[in-house]
There are 2 protein chains.
Amino acid sequence: MIKRTKGVTISQVADAAGVARSSVSRAFTRPDMLSPETVDRILRAAETLGYVPNHTARALSTGRHGNIGLIVPDIANPFFPPLIQAAQTEADRSDFCVFLGNTAESPKQEDKLVGRFAGQVEGLVLASSRLSDERIRAHARQLPLVLINRDIEGIPRVLIDSSAGVRQAVEHLANLGHRRIAYVSGPAASWSNKQRRSAIRAGTTARGMELSIIPTPAPTYQAGREAVASVLQTGASAVVAFDDLTAQGILTGLAERNIVVPRDFSIIGCDDVLGAMTFPALTSVSNHSADVGRIAISMLLDILRSRSVADVRYALDTKLVIRDTTAQAPGR
Amino acid sequence: MIKRTKGVTISQVADAAGVARSSVSRAFTRPDMLSPETVDRILRAAETLGYVPNHTARALSTGRHGNIGLIVPDIANPFFPPLIQAAQTEADRSDFCVFLGNTAESPKQEDKLVGRFAGQVEGLVLASSRLSDERIRAHARQLPLVLINRDIEGIPRVLIDSSAGVRQAVEHLANLGHRRIAYVSGPAASWSNKQRRSAIRAGTTARGMELSIIPTPAPTYQAGREAVASVLQTGASAVVAFDDLTAQGILTGLAERNIVVPRDFSIIGCDDVLGAMTFPALTSVSNHSADVGRIAISMLLDILRSRSVADVRYALDTKLVIRDTTAQAPGR
DNA sequence: CTGTTAGCGCCTTCAA
DNA sequence: TTGAAGGCGCTAACAG
């Protein structure tokens, strides 16, 4: 049985130091308003009593609690951990704590989390939100919001613009002689998915290539693996996947059918989070997940500081990273 | 420019409903103490005014804010996301929010985070803490603590007991004819690492096998990859890695040297988080990361509810999962 | 520079 | 069943 120390309050410190409560408060928040000796005496008293400012009381009084929220659809997707980590580090630099929420790809859960967080955070970052524009706008009326990979006018947002990278991917495949390719798509509600899909469509159309779209329930290893059957039915010789995780699943699905990559089939991922960790090393569209996390938080903190919301749209460029899963189309 | 709605307070609702503030409070916390009609009237008024209870004020008054903290060393390590997700889900079931902290394997950062969280959470779960026993004990005096994969008497803890699984791993290798193996170890401050290392040592000693220990700076893909040189120098024909990520790195390091797994070399991971996602599919010691997250949170919530700390030690058993990275020792 | 005085929004005895 | 009143711990004018 462990006994716990109780909360020492500002009054006890004030008594011990022989000053008013407000002076104690100042010693911690605006020491420059007090004489150095007084500050010293107070701090010393606080130290011996083991006083720690009560965060909640301070928050009630100031209306600021130094917390921000970060909501992601799937923390287990390797795209997010670096983003989360960077966000955390950036928040830390300004002495903010971050609440993390995982929606498991469910808009309903996302709505619930936003509501739950709203009361205890000063602002929120929604990464790859699966909510409708209306819901997001509604939430933005309640508290400062920054979006990641979601493009809604009037709401600050930071985007990974995959179009350039995806265009290069199509070009790369075309140069290798592929004429018929497939896109294994991501969540319907995903802005990134829409963006990637239309970039591919534009690229293939421009080059007279044939394109098939294969839907998946969610961007996971398993979904990729299960998509392989459909992919093969299209007669495609190469595939671009919504993300690396899906691509990795496809890699396995192909291996299970003894289809050798890249000899028999080429594959390109997006996000480049698996780096060279797959076998063969995955060709992928570059990633900025950490940058995006850092930037989103820094934007949010700016907004909190300035108390004003500019309509910022921060887009990061991408490019194709060629590794070992793409090669000449078979039979050429 | 988006305008934000201001906070409606209990008083406004009270006025609108023509009741006292305390009644409004009761309508939300103890509706059974009020007549159904009154509750109804209050709720209706609250609804139209868009009243939402102020979490901070409530917390100050009750001393409970319904938040718990979870601190992990590296969110990007695939061992943790399922743990975090399960923890979150479990907390959610009891209407608790979770603060997530990432220490980047740094004890200093961990200490800092605990301090920062302490004021705003009712309890804390420390997963794979890198802190000293003393620091942990000190923190446990401040607030309810539950440990994951750290065995300190007197502090509630839930452990993945890898010894059985690791013992099976050694046995498996022995049966395949390996006589000389290496253990690529994890962080020095890791309880799991110590446990796995001694289980391997016990197993190899009992069978008269030779064992080399290879240190690494941190359990990462990169560290595993770089450890390969040292591993090969030992003349071992098989290796057990601290975790799957390290094992995956080793897999790459071997591939880079044209050493074919499992024909030329066998490898076993721990945690089984990569499942069949590596190539070849990794033999590994089973994992309970999600269970452990769920159980830790549920233990913490129990403690918070009962206001008492029993000395619980919850250990989960493990076993070897054989896949494709282990085979007969070469030359036999 | 420092003390006094009000709250922040809610919960919770204590009476009625 | 309901109201009145005090307080949770701290901050923020306003005086002095």
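Reminder, nothing fancy here: chain letters follow the sequence lines and each chain counts from 1.
- Whole-Å rounding puts the B/Gln12 CD to C/dC8 C1' distance at 13 Å.
- Remark: A/Arg137 does not engage A/Glu134 in a salt bridge, criterion side-chain N to carboxylate O under 4.0 Å.
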Would you tabulate the nitrogen or oxygen pairs shorter than 3.5 Å linking the protein to nucleotides 3-7 of chain C?
| unit_1 | atom_1 | unit_2 | atom_2 | d |
| --- | --- | --- | --- | --- |
| C/dG3 | OP2 | A/Ala20 | N | 3.1 |
| C/dG3 | OP2 | A/Ser23 | OG | 2.8 |
| C/dG3 | N7 | A/Arg26 | NH1 | 3.2 |
| C/dG3 | O6 | A/Arg26 | NH2 | 2.4 |
| C/dT4 | O4 | A/Ser22 | OG | 3.3 |

Trace of the side chain to side chain contact (heavy atoms under 4.5 Å, CB included) decision for A/Leu70 with A/Ile84: CA-CA 8 Å; A/Leu70 170 60; A/Ile84 296 168; 4.0 Å; yes

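- Between the axis at the start and the axis at the end of the helix from C/dC1-D/dG16 to C/dA16-D/dT1 there is an angle of 30°, using five pairs per end and rounding to 10 degrees.
- C/dG9 atom P lies 7 Å from atom CG of B/Asn54, rounded to whole Å.
- Heavy atoms of B/Ser25 sit under 4.0 angstrom from at least one base atom.
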Verdict with reasoning, A/Asp32 to A/Arg26, per salt bridge (Lys or Arg N to Asp or Glu O under 4.0 Å): CA-CA 8 Å; A/Asp32 50 299; A/Arg26 288 178 188 122; over 6 Å; no

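- For A/His65 and C/dC8, the NE2 to C1' distance is 12 Å, given to the nearest whole Å.
- Taking 4.0 Å as the cut-off between side-chain N and carboxylate O, B/Arg130 and B/Glu110 do not count as a salt-bridged pair.
- Applying the ring-ring contact (aromatic ring centres under 6.0 Å, His included) test to pairs two or more places apart or on separate chains, those with a residue in residues 43-76 of chain B are B/Phe28-B/Tyr51.
- Between B/Asp15 and B/Arg21, no side-chain nitrogen of the basic residue sits less than 4.0 Å from a carboxylate oxygen of the acidic one, so the salt-bridge criterion is not met.
- Atom-to-atom, CZ of B/Arg30 to P of C/dT12 comes out at 8 Å; the value is rounded to the nearest Å.
- There is a side-chain donor-acceptor pair under 3.5 Å between B/Ser35 and B/Thr38.
- Heavy atoms of B/Ser11 sit nowhere under 4.0 angstrom from any nucleic acid atom.
- In this structure, B/Thr56 reaches neither bases nor backbone, as no heavy-atom distance under 4.0 Å exists between it and the strands shown.
- Residues meeting the salt bridge (charged side-chain N to carboxylate O under 4.0 Å, His left out) test with A/Lys112, sequence neighbours left out: B/Asp92.
- Scanning for salt bridge (charged side-chain N to carboxylate O under 4.0 Å, His left out) contacts around B/Asp40 gives B/Arg44, with sequence neighbours left out.
- In this structure, the CG atom of B/Leu60 is 8 Å from the C1' atom of C/dC10, given to the nearest Å.
- Formation of a donor-acceptor pair under 3.5 Å by the B/Asn102 side chain with backbone atoms of B/Ile75 is found in this model.
- If you check every strand for non-hydrogen atoms under 4.0 Å, A/Phe28 touches nothing.
- Using a 4.0 Å cutoff on non-hydrogen atoms, no part of residues 32-41 of chain B comes near DNA chain C.
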Residues B/Arg294, B/Asp291; criterion salt bridge (Lys or Arg N to Asp or Glu O under 4.0 Å); working and verdict: CA-CA 5 Å; B/Arg294 183 175 44 71; B/Asp291 292 330; 3.3 Å; yes

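- Between the C1' atom of D/dC8 and the NE2 atom of A/His55 lies a distance of 16 Å, rounded to the nearest Å.
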